[in-house]
Number of protein chains: 2
Amino acid sequence: MTGKQFTSVWIREPRKATGPGRSRQEIVRAAVEMLDEQGLGGLSMRKLGAKLSAGATSLYWYVANKDELLELAYDEVWAEMTVPDPGRVGWRDSASALAHSMRQVILRHPWSADLIGSMPALGPHAMGVADRTRKMFKAAGFTGLDIDFANATLTAYVFGMTIPEIAWNTAMGERGYDADEMRAAVARAAAGHPDLLERINMDTHDDPQAMREMCFDFGLVSMLDGLERRLAT
Amino acid sequence: MTGKQFTSVWIREPRKATGPGRSRQEIVRAAVEMLDEQGLGGLSMRKLGAKLSAGATSLYWYVANKDELLELAYDEVWAEMTVPDPGRVGWRDSASALAHSMRQVILRHPWSADLIGSMPALGPHAMGVADRTRKMFKAAGFTGLDIDFANATLTAYVFGMTIPEIAWNTAMGERGYDADEMRAAVARAAAGHPDLLERINMDTHDDPQAMREMCFDFGLVSMLDGLERRLAT
DNA sequence: ACCTGAACACCGTTCAAGT
DNA sequence: ACCTGAACACCGTTCAAGT
């Protein structure tokens, strides 16, 4: 009864219409830019203020705190995800396209991966995506709770495959180069596990990027097959 | 050729055997304790130093920096995951048990969810898990790259289902209470999406915890069905 | 070999004061 | 209504100095 109050930008009253000063919108846009360029650790209220040539603390007029700003930025990421209309193509194709879209969006905004585990996605864009994917699974033939279970399963798969992928990307300095050095490092870590080692040395000549795509597709197809099976029962 | 050097504790030379002073081991244990209690944001080198009744900066003798300490702590989490021996039960049961174990371990150490996207899991315990799960999928009958794809698919699913779950848990203050208030907040956010709203109001009388278990199992079964299908082809 | 404190360059946030 | 700077309570990390 006396639990901590759950707070979120999306629950508070929105600010009045934008006056002549800066707008929340432009602050969020600048924040997203900064996050894309410098990552989650690269965003500070002071630096963001400077970027907008504002005093360090002016932003607090528009935003309660940094967390709230991140919630706002997070929702912008959801805005980029495209949910195809399941009417035009089959549900499998729709789901597949959604999955690929989500993955690409997250890879484009690696900092968003850190937020998935930190704050529920309650923004209007996230809600829009949830609503549309829900409709998609409903159209596919799922009923009752299964609609949401199937939905959760698909997005869980995409998140789970993509989030660790980002860890690798950032470890490699966000570029493709030095893949050999990386492989050597992994091989060193795998010492004592001949099985793993064999595997690591196997793909010396493969493009790691292409490899990950293959892996993603393998899992996605499996996932969808499994969901289809639920549908048949 | 001139890429940024990739660094990790697991690549550097280990420290000499422990002398009479503090040990790396005890520092990591204290760090894990602190992380469990206060989360990722609650761990600071200063506070950890104090907890060990050491000067604030003494830890730097044992650990290169905070990131390295987190890598060490992260691997401790992997140590808690149990991979059943696939010889005794079928591979599906093994995979299923592994999945549940992983989920429980992550939920027990919510801070680890933040690390999954930040650093590759290269510690000895993580490697041990990778090695054993690989063997599991091999024993199941997967061959070549499919062994690793299937492996990646399963862990992706577990990560993806569990990481956002943590976001909800922390938003609710890590307790079960105030679920109603939470639901009201979500409903408010879902305004304008009658479909979603209907769904949210549906489970007013359900235990959210039990609900998540159901959801997890639904997806897991789907996942395993899909993998089994790969096996048949 | 191990530990310390001071110091540096940062943080997020509050708040009284300005326009 | 909007913006500011000073101030507070923190950070991680370096390094010369101690034992």
Side-chain angles (χ1 to χ4, degrees), chain A residues 4-5 7-9 12-28 30-31 34-35 37-74 111 114-115 118-119 170, chain B residues 4-5 7-9 12-28 30-31 34-35 37-74 111 114-115 118-119 170:
Chain A
K4 276 178 246 157
Q5 185 78 14
T7 61
S8 163
V9 221
R12 245 182 299 280
E13 287 298 330
R15 283 230 161 269
K16 310 276 111 76
T18 151
R22 263 159 278 268
S23 73
R24 180 180 266 205
Q25 162 112 352
E26 100 182 88
I27 289 171
V28 172
M34 205 158 199
L35 287 163
E37 286 163 9
Q38 324 211 32
L40 200 55
L43 176 73
S44 81
M45 300 301 271
R46 286 170 150 93
K47 274 157 66 183
L48 184 60
K51 176 170 180 157
L52 294 163
S53 42
T57 61
S58 311
L59 310 170
Y60 284 87
W61 179 259
Y62 299 94
V63 136
N65 51 42
K66 192 184 180 183
D67 261 15
E68 212 179 88
L69 178 59
L70 287 175
E71 268 192 290
L72 262 0
Y74 185 30
W111 48 274
D114 288 290
L115 300 184
S118 312
M119 46 178 84
T170 52
Chain B
K4 275 176 248 158
Q5 186 78 14
T7 60
S8 162
V9 221
R12 244 183 301 281
E13 288 296 333
R15 283 232 161 269
K16 310 274 109 79
T18 151
R22 263 158 279 268
S23 74
R24 182 181 263 203
Q25 162 112 349
E26 102 182 89
I27 289 170
V28 173
M34 205 157 200
L35 287 162
E37 286 163 8
Q38 323 211 32
L40 199 54
L43 176 72
S44 81
M45 299 302 271
R46 286 170 150 92
K47 273 157 67 184
L48 185 58
K51 176 170 181 155
L52 294 163
S53 43
T57 60
S58 311
L59 309 171
Y60 285 86
W61 178 259
Y62 299 94
V63 135
N65 51 42
K66 192 184 181 181
D67 261 15
E68 214 181 84
L69 178 59
L70 287 175
E71 268 192 291
L72 261 2
Y74 185 30
W111 49 274
D114 288 291
L115 300 183
S118 311
M119 46 178 84
T170 53

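Here is the naming used below: chain letters follow the sequence lines, and residue numbers restart at 1 for every chain.
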- [ ] Starting at CE of A/M119, measure out to OG of A/S8 and round the result to the nearest 0.5 Å.
- [x] 8.5 Å
Task: From B/Y60 atom OH to B/E68 atom CD, the distance as rounded to the nearest 0.5 Å - done: 11.0 Å
Please list, pair by pair, any protein nitrogen or oxygen found under 3.5 Å from a nitrogen or oxygen in nucleotides 12-16 of chain C.
unit_1: C/dG12; atom_1: OP1; unit_2: A/K66; atom_2: NZ; d: 2.8
unit_1: C/dG12; atom_1: OP2; unit_2: A/M45; atom_2: N; d: 3.0
unit_1: C/dG12; atom_1: N7; unit_2: A/R46; atom_2: NH1; d: 2.4
unit_1: C/dG12; atom_1: O6; unit_2: A/R46; atom_2: NH1; d: 3.4
unit_1: C/dG12; atom_1: O6; unit_2: A/R46; atom_2: NH2; d: 3.0
unit_1: C/dT13; atom_1: OP2; unit_2: A/Y60; atom_2: OH; d: 2.8
unit_1: C/dT13; atom_1: OP2; unit_2: A/K66; atom_2: N; d: 2.8
unit_1: C/dT13; atom_1: O5'; unit_2: A/Y60; atom_2: OH; d: 3.4

Open item on the list: Please identify which of these residues, A/L115, A/D114, A/L40, meets the side chain to side chain contact (heavy atoms under 4.5 Å, CB included) condition with A/L35.
Closed with: A/L40
TODO: State whether the number of non-hydrogen atoms from other residues, nucleotides or ligands found under 6.0 Å of A/Q25 atom CD is greater than 12.
DONE: no
TODO: I would like to know whether B/T7 and B/D67 meet side chain to side chain contact (heavy atoms under 4.5 Å, CB included); could you show each step before the answer?
DONE: CA-CA 10 Å; B/T7 60; B/D67 261 15; over 6 Å; no
TODO: To the nearest Å, give me how far apart CG (A/L52) and P (D/dC2) are.
DONE: 16 Å
- [ ] Can you tell me the distance, in whole Å, between the CG atom of A/L69 and the P atom of C/dC11?
- [x] 15 Å
Open item on the list: What is the separation between atom CZ on A/R24 and atom C1' on D/dA1, rounded to the nearest whole Å?
Closed with: 16 Å
Task: A/K66 side, atom NZ; A/L48 side, atom CG - distance, nearest 0.5 Å - done: 9.5 Å
Task: Atom pair CE/NZ of B/M34 and B/K47 - distance to nearest 0.5 Å - done: 5.0 Å
Open item on the list: Measuring from atom CD of B/E37 to atom CG of B/L43, what distance do you get when rounded to the nearest 0.5 angstrom?
Closed with: 11.0 Å
Task: Side-chain N or O of B/W61 closer than 4.0 Å to phosphate OP1/OP2 of C/dC2 - done: yes
Open item on the list: Please report the distance, rounded to the nearest Å, between CG in B/L48 and C1' in D/dC10.
Closed with: 16 Å
Task: Stem segments of DNA chain C by first residue number [Watson-Crick or G-U, under 3.5 Å, at least 3] - done: C:4-8 with D:12-16, C:12-16 with D:4-8
